[in-house]
Engineer: 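Sending over a structure as structure tokens; questions will come in a sec.
Position 1 is the first residue of the sequence, and the numbers go up from there. The shown structure was predicted, so the numbers you read here are calculated from the model rather than taken from an experiment.
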Amino acid sequence: MRAHQIMTRSVITVTPGTPVAEAARIMLRNHIGGLPVVDASGTLVGMVTDGDFLRRAELGTERKQGRWLDLLVGRGRIGADFVHSHGRTVGDIMSRPAVTVSADAGLAEIVETMEKHNIKRLPVVSGDKLAGMVTHTDFVQTVADLATVVPGPTPDDDGLRSAILDALDHAACKHCRFNVVVRNGVAHLTGAVRHDKERVTAIVAAKSVPGVRDVRDHMWVYPPPEDEFGGGDIVSLQDEPSTDDDQPL
């Protein structure tokens with residue numbers, strides 16, 4: 001499942017020139033905690049969230065300046081704090097560049113990005129244009145939808161599941177790394193694979209089993225490619241098992 005399959009496409013936006021007070025009213029009126037900021041061409045240039053309204057001169061919550069603070073953090077930081085607390089337009093207080101994912105990003109990448117940056121809403125882009133928004137609520141809805149469309153198993157489904165596991169084993173897939181659920185002849189492959197080739201192999205193997213009506217792909221690649229080489233700063237969804245044999249079906 002990809003970002004474009006779960007994202008909200010109708011997104012309320014503001015421009016860098018939108019007054020801060022107007023942005024606050026838009027967020028309150030629409031019960032949302034963040035707004036993508038786009039320029040006249042529709043290019044995403046930043047993000048403003050409810051957190052950007054915490055340190056405001058109107059509230060008396062701006063960061064206090066002092067001589068020692070000047071020495072410790074420097075005048076550049078103090079100037080930026082002043083602009084953020086006293087700025088009158090969205091362009092003064094927005095985060096830039098915005099943290100984004102592409103429309104083809106998988107669920108694991110979206111979750112990792114949200115956790116790494118401690119954010120609840122993530123703009124989805126196509127090139128440099130805003131395509132939609134993914135929020136925590138979208139994941140709740142996706143889980144609810146999966147629970148709705150996947151009924152209880154039948155004896156035939158149990159037989160198909162065993163046959164699919166055998167087919168995966170013969171195809172040299174490490175099926176212990178993800179779950180196989182069959183409902184009404186539809187196989188749901190859910191969990192982690194090591195790379196996209198293993199994902200394709202698993203799908204082909206499952207489809208090759210007689211009686212399988214369709215195969216639904218809910219898999220993601222873990223660890224991400226950059227993690228295999230020691231790079232990146234990825235937050236795992238769960239503790240990684242010590243061996244393949246320790247991983248749950």
Side-chain angles (χ1 to χ4, degrees), residues 1-11 32-34 36 44 47 49 97-151 161 164 168 173-183 186-207 214-229 231-241 244 247-249:
M1 192 170 291
R2 304 293 170 176
H4 66 85
Q5 295 174 283
I6 68 169
M7 70 182 185
T8 301
R9 296 180 183 275
S10 178
V11 181
I32 53 179
L44 182 69
M47 187 78 183
T49 70
V99 179
T100 65
V101 291
S102 71
D104 291 328
L107 297 188
E109 180 183 346
I110 296 171
V111 171
E112 288 157 5
T113 302
M114 284 180 162
E115 290 190 334
K116 179 179 178 179
H117 296 278
N118 193 28
I119 54 180
K120 296 181 179 180
R121 52 196 64 84
L122 189 59
V124 180
V125 295
S126 178
D128 58 359
K129 306 297 184 183
L130 181 67
M133 182 80 73
V134 174
T135 68
H136 282 190
T137 303
D138 294 313
F139 280 87
V140 175
Q141 183 62 56
T142 300
V143 170
D145 289 344
L146 285 175
T148 300
V149 302
V150 182
R161 182 178 186 274
I164 290 171
L168 291 171
C173 288
K174 294 183 179 295
H175 58 260
C176 57
R177 291 188 62 83
F178 54 87
N179 290 331
V180 177
V181 177
V182 182
R183 299 293 185 269
V186 177
H188 296 259
L189 307 183
T190 305
V193 294
R194 295 182 185 276
H195 44 69
D196 279 325
K197 289 183 179 179
E198 192 171 60
R199 180 205 302 272
V200 173
T201 302
I203 293 171
V204 171
K207 285 183 176 180
D214 193 13
V215 175
R216 305 288 174 82
D217 175 14
H218 309 293
M219 296 175 286
W220 62 87
V221 176
Y222 187 86
E226 61 268 24
D227 218 33
E228 295 176 358
F229 296 95
D233 182 16
I234 303 300
V235 180
S236 176
L237 296 180
Q238 59 184 11
D239 292 335
E240 188 176 7
D244 285 342
Q247 300 181 33
L249 285 172

Engineer: Please enumerate all residues that pass salt bridge (Lys or Arg N to Asp or Glu O under 4.0 Å) together with Asp214, with sequence neighbours excluded.
Structural biologist: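 Result, salt bridge (Lys or Arg N to Asp or Glu O under 4.0 Å) vs Asp214: Arg216.
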
Engineer: Could you tell me whether the side chain of Arg161 and the main chain of Val180 form a donor-acceptor pair under 3.5 Å?
Structural biologist: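 Here the side-chain-to-backbone pair exists.
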
Engineer: Can you confirm whether Met133 sits close enough to Met47 that some side-chain heavy atom of one is under 4.5 Å from a side-chain heavy atom of the other?
Structural biologist: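 With C-beta onward as the side chain, the pair touches.
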
Engineer: How long is the gap from OG1 on Thr190 to CE on Met219, to the nearest 0.5 Å?
Structural biologist: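 Output value for this atom pair is 8.5 Å.
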
Engineer: Tell me the closest heavy-atom pair linking Ile119 and His136, and the distance in Å.
Structural biologist: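 Heavy atoms only, the tightest pair is O-NE2, 3.6 Å.
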
Engineer: Can you tell if the side chain of His218 reaches within under 4.5 Å of the side chain of His188, non-hydrogen atoms only?
Structural biologist: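 Yes, side chains in contact.
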
Engineer: Quick one, Thr8 and Val134 - any side-chain contact, counting heavy atoms below 4.5 Å?
Structural biologist: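 No, their side chains stay 4.5 Å or more apart.
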
Engineer: Between Met7 and Thr135, does the side chain to side chain contact (heavy atoms under 4.5 Å, CB included) criterion hold? Intermediate values first, please.
Structural biologist: CA-CA 8 Å; Met7 70 182 185; Thr135 68; over 6 Å; no

Engineer: With Val124 as reference, evaluate Val101, Leu130, Ile110 under the side-chain contact (heavy atoms from CB on, under 4.5 Å) test and give the passing residue.
Structural biologist: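 Going through Val101, Leu130, Ile110 one by one, the side-chain contact (heavy atoms from CB on, under 4.5 Å) with Val124 is satisfied by Val101 alone.
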
Engineer: Does some side-chain heavy atom of Thr113 sit less than 4.5 Å from a side-chain heavy atom of Leu122?
Structural biologist: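 Yes; the side chains approach each other to less than 4.5 Å.
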
Engineer: If you round to the nearest 0.5 Å, how far is NZ of Lys116 from CD of Glu109?
Structural biologist: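 Answer rounded to 0.5 Å: 11.0 Å.
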
Engineer: Mind checking the CG-CD spacing from Leu168 to Glu198? Nearest 0.5 Å is all I need.
Structural biologist: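 Here the rounded value is 9.0 Å.
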
Engineer: Please round to the nearest 0.5 Å and tell me the distance separating atom OG1 of Thr100 and atom CG of Asp128.
Structural biologist: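 Thr100 OG1 to Asp128 CG: 10.0 Å, rounded to 0.5 Å.
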
Engineer: Indicate the atoms forming the closest heavy-atom contact of Ser126 with Ala131, along with that distance.
Structural biologist: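 Between these two residues, the closest heavy atoms are N-CB, 4.2 Å.
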
Engineer: Which pair of heavy atoms, one from Ala98 and one from Leu44, lies closest together, and at what distance?
Structural biologist: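 Taking Ala98 first and Leu44 second, the nearest heavy atoms are CB-CD2, 3.9 Å.
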
Engineer: So do Asp217 and Arg199 actually touch side chain to side chain, heavy atoms under 4.5 Å?
Structural biologist: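 Contact flag for Arg199/Asp217 side chains = yes.
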
Engineer: Please give me the minimum heavy-atom distance between Ala206 and Ile164, naming the atom from each residue.
Structural biologist: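 Minimum heavy-atom separation between Ala206 and Ile164: CB-CG2, 4.0 Å.
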
Engineer: Under 4.5 Å between any side-chain heavy atoms of Pro36 and Val11, yes or no?
Structural biologist: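 Yes, side chains in contact.
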
Engineer: Does NZ in Lys129 sit with more than 12 non-hydrogen atoms of other residues, nucleotides or ligands closer than 6.0 Å?
Structural biologist: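 Atom NZ in Lys129 is packed in, count exceeds 12.
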
Engineer: Identify, with sequence neighbours excluded, every residue that meets salt bridge (Lys or Arg N to Asp or Glu O under 4.0 Å) alongside Asp104.
Structural biologist: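 By the salt bridge (Lys or Arg N to Asp or Glu O under 4.0 Å) rule, Asp104 matches no residue at all.
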
